[in-house]
Amino acid sequence: MTEPAENIDPVWQSFIGGHWVDADRRLGVEDPGTGETIAEVALAGRDDVDRAVRAAADCHRSRALTGPRPEKRLEMMFRIAAEIRQVTDQGAEILCRESGKALDDARHEFEEAARYFEYYGGMADKIEGRSIPLGDGYVDWTVREPLGVSAQIVPWNFPVALASRSLAAALATGNTVVIKTPELTPLAALLLGVACERGGAPEGAVNIITGWGDEAGAALVQHPLVNQIVFTGSVPTGRSILHAAADRIVPCVMELGGKSAGIVHADADLDTVLASIRSGIFFNAGQVCSAMSRLLVHESIHDELVERAVQLAEGLSVGHGLENPDLTPLISSGQRERVERLCRSGIDAGATAVTGGRRIDRAGWFMQPTVFTDVHPDMDIAREEVFGPALSLMKFGSDEEAIEIANGTDYGLVAGVFTRDLDRAMKTSQQLVAGQVFVNEWFAGGVETPFGGTRQSGYGREKGLEALDNYLQTKNVAIRLGG
Ligand code: NAD
């Protein structure tokens, strides 16, 4: 049994212009592992959003981030990273309670957040232009400048890590930021505001709004003083934000969903594949944009792998996130209904749930770890993002067939290949349509490796040095001498 949420503040507020701001209306935040309300959060309205964007715009105009020597920004980023580590004990428990995720994974999310500040902080004094020779009588150079106010909309599955990856890159490049936290997991990300405040971010440089997506989120992306939008979330929301951005020609980064496939060749090390199944589809109960939701297995090893995947799924411990189990609950009853519906649609269409496929009868929004076989690429479970602990296994005969199935969805976020043959791994990674390819380990990579998608998985890259390009624009200065 879990303890009541006594050590979590009962009411949480938005962080606007350096102040914590309440609202007339509040929203209850639920523990998905019990279904109980653990705290309330202020629901920011249009006026709050307006105040936050103006605070960010004023801070940008003041040059508080861009005026001093860049090493000052680097030092600030490192102080914020240290402050994030200071709030990790408190934050990890809150994140575990509001998201349902395992406590150790919540701790890891705060560590990843701190790493983003160190990684991008280290770049703050290395953003340089170039000189362009134009012949006698001219001097020409480029300056890489921040865009201004960056509006960042975050989903509920990794609210702290995803908010940090955009926030850190934006601040390191001298932008000011307004973040809209997700309504289902709004609390832990607010501790980033605490860390930024304690780490000496100038007033207005970082603002964190809590509120509904179609209210506070929509008001933010439509605001006339916003200069850039970073959206991480679902395809339909991304599409509506792009329409709003098009009206004002605002540049966007779109980090959307996925339906990613791993290809298991006959020579693959099955222990390695099993480890990747465990993390690829059962970590965070499968609520991961880059989850390995499809596994294409060579026909010669298909049955053996199915047997081992079922054994793995049935051996997973299930429990509240605070107990650090293998399988945690889904985020909400609505999300569980969606996963159940997709599982039923798979069975109705002829797939076999070798194990799982149903809810778990206990308090909280738990779903059985599920392994499907006899999945056809046209079925909804093979095409739609399930966002739950459900793996679809499909057989293939030839390498060409595997590539065709892997690339045959509307998405292109990540993909993977399991083989001991380096040539085959290289060839497959060339042929896969995805923003990143994992070879022999799902989720290989880190804050240093660029991440993002193609097709309906979006565009632009977060993480890695590539992300800095999202937050900078080039100004060219051309001088005619002697004039
Ligand atoms: P969602 O699109 O429902 O919500 C995401 C955010 O958008 C929330 O903060 C929400 O409040 C806000 N929002 C909703 N309507 C809005 C509007 N009209 N204007 C502005 N903001 C609005 O997504 P979700 O259910 O929270 O997250 C799950 C989705 O996120 C999945 O599709 C998953 O694949 C995707 N995701 C992608 C990545 C990535 O890096 N590519 C990472 C994590 C999650």
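Whatever order the structure lists them in is the order used to number ligands and atoms, beginning at 1.
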> For D58, is there an ion pair with R51 - N to carboxylate O distance below 4.0 angstrom?
no

> Could you see which bit of F387 sits under 4.0 Å from ligand 1, with heavy atoms only: side chain, backbone, both or neither?
side chain

> For atom 17 (C) of ligand 1, which of G452, G233, G257, G213 has the closest heavy atom?
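It is G213 whose heavy atom sits nearest to atom 17 (C) of ligand 1.
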
> Given the side-chain rings of F283 and W442, with only the six-membered ring counted for Trp, is the space between their centroids under 6.0 Å?
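No, they do not, as the ring centres are separated by 6.0 Å or more.
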
> Could you establish whether Q152 and ligand 1 come within less than 4.0 Å of each other, counting only heavy atoms on the residue side?
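False for this residue.
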
> Would you mind running through ligand 1 and noting each atom that sits below 4.0 Å from a heavy atom of N157?
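Those atoms are 43 (C), 44 (C).
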
> Can you check whether T232 has an N/O within less than 3.5 Å of an N/O in ligand 1?
no

> Could you list which atoms of ligand 1 come closer than 4.0 Å to a heavy atom of G217?
19 (N), 20 (C), 21 (N)

> Is it true that D89 and R107 make a salt bridge, defined as a side-chain N closer than 4.0 Å to a carboxylate O?
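Between R107 and D89 there is a salt bridge, with a charged N closer than 4.0 Å to a carboxylate O.
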
> For I241, is at least one N or O under 3.5 Å away from an N or O on ligand 1?
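In fact, backbone or side chain, I241 has no N or O that close.
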
> Decide, yes or no, whether a salt bridge links R85 with E118 under the criterion of side-chain N to carboxylate O below 4.0 Å.
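Here R85 pairs with E118 in a salt bridge, since their nearest N and O are under 4.0 Å apart.
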
> Under 3.5 Å, N or O to N or O, is W156 touching ligand 1 that way?
yes

> Just checking, any donor-acceptor pair under 3.5 angstrom between side chains of T370 and Q368?
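Per modelled atom types, T370 and Q368 side chains form no pair under 3.5 Å.
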
> Return yes when F158 approaches ligand 1 closer than 4.0 angstrom through a heavy atom, no otherwise.
no

> Taking the cut-offs as 6.0 angstrom to the six-membered ring centre and 45 degrees off its axis, would you call R115 and F117 a cation-pi pair?
no

> Go through the steps to decide whether D50 and R54 satisfy the test salt bridge (Lys or Arg N to Asp or Glu O under 4.0 Å), and finish with yes or no.
CA-CA 6 Å; D50 183 54; R54 285 182 191 284; 3.1 Å; yes

> May I ask you to decide if E98's main-chain N or O and D31's side chain share a donor-acceptor pair within less than 3.5 Å?
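Judged by distance alone, no pair lies under 3.5 Å.
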
> Which ligand 1 atoms, with their elements, are less than 4.0 angstrom from a heavy-atom of K180?
9 (O), 10 (C), 11 (O)

> For residues 160-170, which side-chain donor-acceptor pairs fall under 3.5 Å, sequence neighbours excluded?
residue, atom, partner, partner atom, Å
S164, OG, V160, O, 2.7
S166, OG, E462, OE2, 2.6

> Under a heavy-atom criterion of less than 4.0 Å, does A218 contact ligand 1?
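In this structure, A218 qualifies as a contact of ligand 1 - some heavy atom is under 4.0 Å.
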
> Give me the residue, atom name and distance of the protein heavy atom closest to atom 11 (O) of ligand 1.
E183 OE1, 2.5 Å

> Mark up the atoms of ligand 1 that fall under 4.0 Å of a heavy atom belonging to S240, in ascending order.
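That gives atoms 18 (N) of ligand 1.
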
> From atom 31 (C) of ligand 1, work out which of E462, H243, E385, Q456 has a heavy atom at the shortest distance.
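When every heavy atom of E462, H243, E385, Q456 is considered, E385 comes closest to atom 31 (C) of ligand 1.
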
> For S457 and G412, which heavy atoms make the closest approach, and how far apart are they?
OG-N, 2.9 Å

> Below 4.0 Å, non-hydrogen atoms only: which portion of P155 touches ligand 1? Side chain, backbone, both or neither.
both

> Run down the list T237, V288, D214 and name the one with the heavy atom closest to atom 3 (O) of ligand 1.
T237

> Report yes if L256 has an N/O atom closer than 3.5 Å to an N/O atom of ligand 1; otherwise report no.
yes

> Can you tell whether the side chains of D410 and K259 come within less than 4.0 Å, N to carboxylate O?
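The answer is no: the pair does not qualify as a salt bridge.
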
